[in-house]
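In what follows, a structure is listed as structure tokens, so that the remarks can point back to it.
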Number of protein chains: 4
Amino acid sequence: MLSSPPVEADPASRTSEQPLSEPKLVNRLRDGRRLSLSLAAPLSDEDQTVQPMDDASPTKWHLAHTTWFYEAFVLKEHLPGYQPFSADFDYCFNSYYESKGERHPRPKRGLLTRPSAQAVRDYRAHVDAALDELFAQSIAETAADKVGALIELGINHEQQHQELLLTDILSLFANNPLRPAYRAPRPKVEAVTEAARLQWVTFPGGIRSIGHAGHGFAYDNEGPRHEVLLRPYRLADRCVTNGEWVSFIEAGGYHDPLLWLADGWATVKAQGWMAPGYWEERDGTWHQMTLEGLLPVDLRAPVSHISYYEANAFAQWWGKRLPTEFEWEAASEGCTPTGNDLSSDALRPRAARPAGEGRLSQLFGDVWEWTASAYQPYPGYRAAPGGIGEYNGKFMVSQQVLRGGSCATPGGHVRATYRNFFYPHHRWQFMGLRLAEDAA
Amino acid sequence: MLSSPPVEADPASRTSEQPLSEPKLVNRLRDGRRLSLSLAAPLSDEDQTVQPMDDASPTKWHLAHTTWFYEAFVLKEHLPGYQPFSADFDYCFNSYYESKGERHPRPKRGLLTRPSAQAVRDYRAHVDAALDELFAQSIAETAADKVGALIELGINHEQQHQELLLTDILSLFANNPLRPAYRAPRPKVEAVTEAARLQWVTFPGGIRSIGHAGHGFAYDNEGPRHEVLLRPYRLADRCVTNGEWVSFIEAGGYHDPLLWLADGWATVKAQGWMAPGYWEERDGTWHQMTLEGLLPVDLRAPVSHISYYEANAFAQWWGKRLPTEFEWEAASEGCTPTGNDLSSDALRPRAARPAGEGRLSQLFGDVWEWTASAYQPYPGYRAAPGGIGEYNGKFMVSQQVLRGGSCATPGGHVRATYRNFFYPHHRWQFMGLRLAEDAA
Amino acid sequence: MLSSPPVEADPASRTSEQPLSEPKLVNRLRDGRRLSLSLAAPLSDEDQTVQPMDDASPTKWHLAHTTWFYEAFVLKEHLPGYQPFSADFDYCFNSYYESKGERHPRPKRGLLTRPSAQAVRDYRAHVDAALDELFAQSIAETAADKVGALIELGINHEQQHQELLLTDILSLFANNPLRPAYRAPRPKVEAVTEAARLQWVTFPGGIRSIGHAGHGFAYDNEGPRHEVLLRPYRLADRCVTNGEWVSFIEAGGYHDPLLWLADGWATVKAQGWMAPGYWEERDGTWHQMTLEGLLPVDLRAPVSHISYYEANAFAQWWGKRLPTEFEWEAASEGCTPTGNDLSSDALRPRAARPAGEGRLSQLFGDVWEWTASAYQPYPGYRAAPGGIGEYNGKFMVSQQVLRGGSCATPGGHVRATYRNFFYPHHRWQFMGLRLAEDAA
Amino acid sequence: MLSSPPVEADPASRTSEQPLSEPKLVNRLRDGRRLSLSLAAPLSDEDQTVQPMDDASPTKWHLAHTTWFYEAFVLKEHLPGYQPFSADFDYCFNSYYESKGERHPRPKRGLLTRPSAQAVRDYRAHVDAALDELFAQSIAETAADKVGALIELGINHEQQHQELLLTDILSLFANNPLRPAYRAPRPKVEAVTEAARLQWVTFPGGIRSIGHAGHGFAYDNEGPRHEVLLRPYRLADRCVTNGEWVSFIEAGGYHDPLLWLADGWATVKAQGWMAPGYWEERDGTWHQMTLEGLLPVDLRAPVSHISYYEANAFAQWWGKRLPTEFEWEAASEGCTPTGNDLSSDALRPRAARPAGEGRLSQLFGDVWEWTASAYQPYPGYRAAPGGIGEYNGKFMVSQQVLRGGSCATPGGHVRATYRNFFYPHHRWQFMGLRLAEDAA
């Protein structure tokens, strides 16, 4: 559910810029397929097999599921004579598509030592070859549109799992007493030597258009584009830092029930939370488990691995609030959706550089930003018919929207209208926050 | 938490129409205090002591907690020389006010065989006498405003618990193999012999003002009043009936995962839900446990005791959706907030009478109507400082808003801006639904 | 299960000394029936209704179940024309007799606010009158034997529930923040001013006969009488005292895993046990919740409310062991089964008086003594056919035997061969221990 | 806990026949070390890493833990200058020795993707080399005795884990939808074409000596040798077969609560048990998951993968009982402890061959036989001081004894006095039963 690859509701009606024969699509497909393997490369077959908790999945499962997606939605239907790699894989690697039949229970994904990681790689090669074959064929234009849309969806779906692959491995390694590193730590040559002073940027109220406008790919939950009414507001020009979070801890933030949502306070007590996820004190210094192993917390960098409950309590303590997803989206208008994402290869949130007077930094990349908005359908939203439509709609309750992507989000995956969503207690993603307030 | 009496954020700033000396306030206070006792009257002390599940509370606890509220927030501070009834009662009867100190764990409220039900009645008498004394005194005008506001809040708080008292007793009796009746069934003389044909009423889009306007009492979560942008929409002129729900069941609604939210489907499977709460088949006929005992389901009456998940799945099946809370509120403009509420003494939802062309029936009373809106703060909302402010704000996550009141809501308690909220799996309240759709 | 009234396997074959017409039986029956009511007398109907935890039952349920037992096993079959009090009571008050049909789930006994406590008292009166009628009739001698045996069983069954009634109420009151007393504390006029020095009594090895010999009533699990082979052993002449237990606590007994059974250590950590059940520190002094309320721990009295795990760890710490049930029984040969039981009306374990050189004190009464013996069938044991046989046999796994009765056991109920049994984590009964060791 | 390698209480006092220099010991050590690797050989590193349930452990963990045992108990203390392979391994591969420090939580053993399976094999090589070095040294005779005893213990400890390795892998593969085979099925050339008719063998009563006599290795829980008193009894000459179990199923055995222990019936209902572990119906035929994959049930072979509860219910249904562990041991006197164990390489229980008039077959090997005896200390038993003594003693509650070894027990590991023990609900071992009854 959490690995839920939100998908486009009605691929056929999507305005795709890439026809199937269009070279960019096939290149992006191949790049994406390669990226998954290269993300898995530092991991042993053992690492790739184990499931650290119910919410997460094994690397191998991600590699197979993203492949199954092409097989189930594209190849079986659109490549004449396609031979599925194995009859068992439907059962093993369907995530939650009720319309695609029975499937292996999510909490038992980690028991699948067979098919082996090598079999999964063979599966990938088999499907990749079939996709190449599909591209080599000439198909009718309408079918081309439809297939192109499904492949575009498959690319985006795989990108989501690339991020999950990294966060799930981090969860696994954080549970390992050896605190293994996904990769060796790299020297940190930051331009910034101390955290930028937090500044506020004001945005006007009024009627604003929200949601995907119709050009390029977007998930169905980003539309329909519609108008919302905003009141004047201000956003912090950067995310909350680890240093600021330490102040919150030291001020007793985790001990004052009045700062917390009732569900949040119950979670703090039940889980014994005293700090963000993966933080531990060693020799009197806060460390955090990262993809480069256990490292001292970088006080200038954005806080990460916090739940919605924590984000909310922090804002309460600071006397501010979280932005709504609409405020966030309106503020990001005109910004290029780039930043410290997976393509920068930092694999961790980095200290903000000042964006300049009246501008926001860290909008994209670094950490997903919890918003005050519950994850709900936009006016006029309807899920697509069929399997593809089983997605976003069915998760639209009890979750909160996050915006902006993280250091683990593949480059080019997010945009200003992109809506990620998780339960308020989740914190294994790269999740942080940006403060907001009403403008006078 | 569920018994959460949402309260006014800042009583002092509320525009109260009733000064303390104002006779209507004292009369309403006394009426309210009497009503609680009269609701408890058909119940034995044993009935009043037991807690049927964690979400519910014993009758006796409701009687005591609503009394403690006056003691803790009004008398201790504003009646000079007030002697608390018992030092232990703070611990026993505080619900969830962290600022008022440690309290008895919610799931163990049913273990409090002491203080006895009689002691609780004595406690009520003690506090009522002190409140009389308070009214007899002359107090400074500013204090009068503040005290008046707190008493107004106490009255509303007690009304909420009056409804919970009834729904909690129903839950208790539904768990009893004897299926005891809270009161003897009364002959049903309905003007309506069959369910009214469902009609649609269209409402225009545009900017609408939502939230409490400032006259009369309201909870803090009903404000600040603010503008929202609506798109043209239609609402069904009455609630979904039991008869329509039977069709849903017979069409396999509880067996088709594609109709359900993912969390909802998981709940259906885990709980084995096959029908609304309290429904059971006897001799081939659907019956439902009611406050008048186990009775055949009235097919014309609104369906009740359904969760948000079920409401959503039903709407999906019907090809419609739930209204947002803003659509509901805008549609109710100008309607008098009366209906089949507790004051009609039916104690059950009743079949709708046609409201007439272009009008909505059953807006108020009968059943709380699940809306599509997550329970979130309105723009500009801030909880009040101090104990009184511990309320609504801290529940604003993971819950859904319901509107309109039910057959168990005390007369005069709700209004068009009133926001009730429960978790999506809850169904022990009188909860139903009204369908909505976009207008072209 | 815990309230399991172990019953006689084959009542017909039991050697009963009391024919049905025999005056002692009817008197004992009436005395027993009266005793239950008098034990309940200090309790309000509310107290009698609530179930403090799954293992315990409400007072009212005990009163009804012991009555149902006569109705189900005696009156329905043996009193011509008997009219059951209510058709519903079979469902409500059957404990665990699968052969007697479906029954109300054990963990929900506390939800039965109806039938009321008064209805239960009426039920008792109805059944008592029918039993009187049964005694007034002349019945054939073989039937008389059978009915007499069943009534004897009913008396013993009710005695077991009398003890449970007290321990269950203590559990309820210990969960109440008011720490209410079942009765007012009585002045303690002990002959003993300090704990007797612990002495060892040696017993020879050899073949000994164990189990009930055939005269008088016994439960089926006390037979068949059979021979066991013992090795020479020694028993402490009194039970372990609270004072000795304080030493164990202060020596870190609850913090040293090496003293504990693995399951015990896991329980200590999971439950946070730091002292016996119902102990709490107030102003630096150990107190224990008792039937007379929260009182300072009497250091000379036997420790009570300890689990098997704790008994075992204590013995380990002391360098001794627990006796087997056979050692205990052999040592008690020739002792009168009297002591500080319910008939002494102390309602708490009392300090031992020295029994005299080579003699054991506190064998009967005060506290049930955990033995090293798992609860298993004696050689040749077979459960009786029919409902009556559903008892002891079905509990013979994973439990440990306790011997000797407690301060809450009705006078005359236990004997040297009597086997009580509970799970090793249980401690809500009056449970303590006596040390043992091998003799040279 | 279940993987608990019961160990010798006091190695020093054991009468060892093998001095350290004695060639047989070093050969047995090397054979044992090799066997573990060869058992793991058919498994991928992925297979070796995953933990199928809390009770089971990953193959890799077994390989490492048995190695750690030599490092922790032998090499660190007795090989001067020994360099531990890795400082982290103590934490990772200690099972439950509280005296050896903190350890990785048992339910998280499956998260240890690092150390890798290859690192574990290197660890084994490192420790094996050090053990060779130890054998090459000349050491004082007293030390030699002690070290020899510890190595003997290490060999036996590893044998226990060899059996667990197989049963744990079977559990993992049974959870895999592919139902993978540990090895390819081999043709079954049984001498027996139908199940042998069950015959009864009578044994006399009287005083019998039970427990290990002092020659050769034995675990501490097999002693002290002591006398018990038996009554005349009969044992079935073979184990209960799958065919007989099918009759039990078809007679409704899993649906009649009167056959079951109360805890057993609760487990049947909670788990939905309808047949032995790993049984599933395919095309109307019972199959069972085996180390050779999913195969039709062999009706002549002993039933396997049943819990104590099931064994007990079956015996009840048949009108017999289970033997005590003493009856079993006395009956096996003079029998050679060989049978269908791991050395026969069948990897499954096989149909009994008639043992001949008055003789028992299948005593050793095939399936562990549940006995009626709770796992308790023998008279005079005391755990050894220090880490080595942390074993058997701490598991002596709530478990039942099994006797005789199984098809997965390494050859030479068991003997007549050998006591295995598991909780009554366990069934993932090769567990079956043999019937017993009293002799007139």
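Throughout, protein chains are lettered first and strands after them, A, B, ... in sequence-line order, and every chain is numbered starting at 1. All of these numbers come straight from a predicted model, not from anything done at the bench.
Looking at Ile207(B), the atoms closer than 4.5 Å to chain A (heavy atoms on both sides) all sit in the side chain, from C-beta outward. Both the backbone and the side chain of Pro379(B) come within contact range of chain A, judged by heavy atoms closer than 4.5 Å. For a residue to count as touching a neighbouring chain, one of its non-hydrogen atoms must lie under 4.5 Å from one of that chain's; by this rule Gln376(B) touches chain A with the side chain only. Interface remark: Glu437(B) contributes no atoms to any contact with chain A (heavy atom separation under 4.5 Å).
Of all the listed residues (Gly380(B), Pro377(B), Gly264(B)), the one sharing the greatest number of non-hydrogen pairs under 4.5 Å with chain A is Gly380(B).
Listed by sequence position, Tyr308(B), Tyr309(B), Gly319(B), Lys320(B) are the residues of residues 307-325 of chain B in contact with chain A, using a 4.5 angstrom heavy-atom cutoff.
Taking both residues in full, the closest heavy atoms of Met396(A) and Leu261(B) are given as N-CD2, 3.9 Å, listed atom of the first, atom of the second, then distance. Of all heavy-atom pairs spanning Leu229(B) and Val228(A), the tightest one is CD2-N, 4.1 Å.
Lys394(B) places none of its side-chain heavy atoms less than 4.5 Å from the side chain of Trp265(A).
For Tyr378(A), the ring-ring contact (aromatic ring centres under 6.0 Å, His included) partners are His226(A), not counting sequence neighbours.
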